[in-house]
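Atoms within a ligand are numbered from 1 in the order they appear, just like the ligands themselves.
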Amino acid sequence: MDINYESTFPLVEHFISINGEGRKAGQLALFIRLAGCNLDCSYCDTKWANKADVKFEKKTIREIVDIVKNSNCKNVTLTGGEPLLKKDVDQLIAAILELDDIRLEIETNGSQSIKKYDDWERRPVMTLDYKLASSGCEAAMNTENFNYLHKEDSVKFVSGSRADLERTLEIITKYDLTSKANCIISPVFGQIEPVEIVDFMKEHEMNDVFLQLQMHKIIWDPNKQGV
Ligand SMILES: C[S@@+](CC[C@H](N)C(=O)[O-])C[C@H]1O[C@@H](n2cnc3c(N)ncnc32)[C@H](O)[C@@H]1O
Ligand SMILES: Nc1nc2[nH]cc(C(=O)O)c2c(=O)[nH]1
Ligand code: SF4
Ligand SMILES: [Mg+2]
């Protein structure tokens, strides 16, 4: 792929923290957060980054690659907002993957196609949300994406109710998702007790599914930015 290193992206923040979510939870990671989203999930903890008037810095691919190099982090998470919406994001992804020894994860909301990455020689790891009813955005889900999952990818179900958990089970079963990728259930923070999720997993013998709590919201104030 030809990479135009002068292409720019709206960077709202970048920081090093422990990854609080997903299969790399607990490891240090550099987070690169881009502004703007096509969805408006009821529970979104990053609504500020999606506002039309959010403050951002226009950063070129060259500058973002420098941020990655200078971070000395092996894990890099590209998030937002919705990172896959951005024009030329594939060039940004390819440029980061050109660096040695970098594990790149994309946090994506499940509405954007991941098909085109399927045959990349080096491909980022996808953490793909399936938005449930309590998000208000389930209609936007692109289930064709389930055909393009790789084993190291994750499908994340952020659940806020018993109805969300039942739908999670239905979707995992219908698309045989545990055989395709890691399946993760995470509570909508503060909306459902984690024990209710564990009880549901036990009740339905969901042996191949991971429960995940957003670790950064336990370590720091849940509303703190930049962690
Ligand atoms: C802020 S989103 C950005 C990436 C992308 N837009 C998405 O939704 O996957 C990153 C992750 O945070 C999760 N998230 C957002 N608000 C949350 C909340 N209140 N409780 C639990 N998870 C939340 C999302 O579901 C998503 O998995
Ligand atoms: N510590 C920490 N881990 C995270 N993993 C995914 C995040 C995200 O917002 O995409 C996130 C985040 O915002 N903070
Ligand atoms: S898709 Fe992600 S960033 Fe967009 S509103 Fe939902 S949780 Fe927030
Ligand atoms: Mg977050």
For Val54, what are the other residues in its hydrophobic cluster, where any two members join if their side-chain heavy atoms are less than 4.5 angstrom apart?
Val12, Trp48, Phe56

Please report which non-hydrogen protein atom sits nearest to atom 10 (O) of ligand 2, along with the residue it belongs to and the distance in Å to one decimal place.
Thr79 OG1, 2.7 Å

Within the structure provided, determine whether Thr60 and Tyr5 are in side-chain contact (heavy-atom separation under 4.5 Å).
no

Do the ring planes of Trp120 and Tyr117 sit parallel (below 30°), tilted (30 to 60°) or perpendicular (above 60°)?
perpendicular

For Gly20, the atoms of ligand 2 under 4.0 Å from one of its heavy atoms are 1 (N), 2 (C), 3 (N), 4 (C)

Tell me: protein heavy atom nearest atom 12 (C) of ligand 2, and distance?
His216 NE2, 3.7 Å

Please report the C-alpha distance between Glu105 and Thr127 in whole Å, then the side-chain angles of each, then the deciding distance to 0.1 Å, and finally whether the side chain to side chain donor-acceptor pair (under 3.5 Å) criterion is met.
CA-CA 7 Å; Glu105 175 188 23; Thr127 298; 2.6 Å; yes

What do we get for Ile18 next to ligand 2 when only non-hydrogen atoms under 4.0 Å count, side chain, backbone, both or neither?
backbone

Going by atom types only, do Asp153 and Tyr148 share a side-chain donor-acceptor pair under 3.5 Å?
no

Does this structure show an ion pair linking Lys156 with Glu107, if we count only N-O contacts that are shorter than 4.0 Å?
yes

Please report whether ligand 2 has a polar contact with Thr77, defined as an N or O pair separated by less than 3.5 Å (distance criterion only).
no

Measure Val227 to ligand 2 on non-hydrogen atoms and call it side chain, backbone, both or neither using the 4.0 Å cut-off.
backbone

Ligand 2 to Ser17, heavy atom cutoff 4.0 Å, flagged ligand atoms 1 (N)

For Phe15 and ligand 2, does the shortest N/O to N/O distance drop below 3.5 Å?
no

Just checking, any donor-acceptor pair under 3.5 angstrom between side chains of Asn19 and Gln27?
no

Polar side chain donor-acceptor pair, Ser159 to Asp164, under 3.5 angstrom:
no

Whether the Glu138 and Tyr130 side chains hold a donor-acceptor pair (N or O, under 3.5 Å, no angle test) is what I'd like checked.
yes

Regarding Asn38 and Glu82, do their side chains bring together a donor and an acceptor under 3.5 Å, going by distance alone?
no

What atoms of ligand 2 come closer than 4.0 angstrom to any heavy atom of Asn19?
3 (N), 4 (C), 5 (N), 6 (C)

Decide whether Ser111 and Asn142 meet the rule of one side-chain donor and one side-chain acceptor closer than 3.5 Å.
no

Leaving waters out, which protein N, O or S atoms fall under 2.8 Å from atom 6 (Fe) of ligand 3?
Cys41 SG

Do any N/O atoms on Phe31 end up under 3.5 angstrom from N/O atoms on ligand 2?
no

State, with a plain yes or no, whether a side-chain heavy atom of Phe31 is found less than 4.5 Å away from one of Leu78.
no

Mind checking whether Arg33 contacts ligand 2 via backbone (N, CA, C, O), side chain (CB onward), both or neither, at a 4.0 Å heavy-atom cut-off?
side chain

Sub-3.5 Å N/O-N/O distance, Gly80 and ligand 2:
no

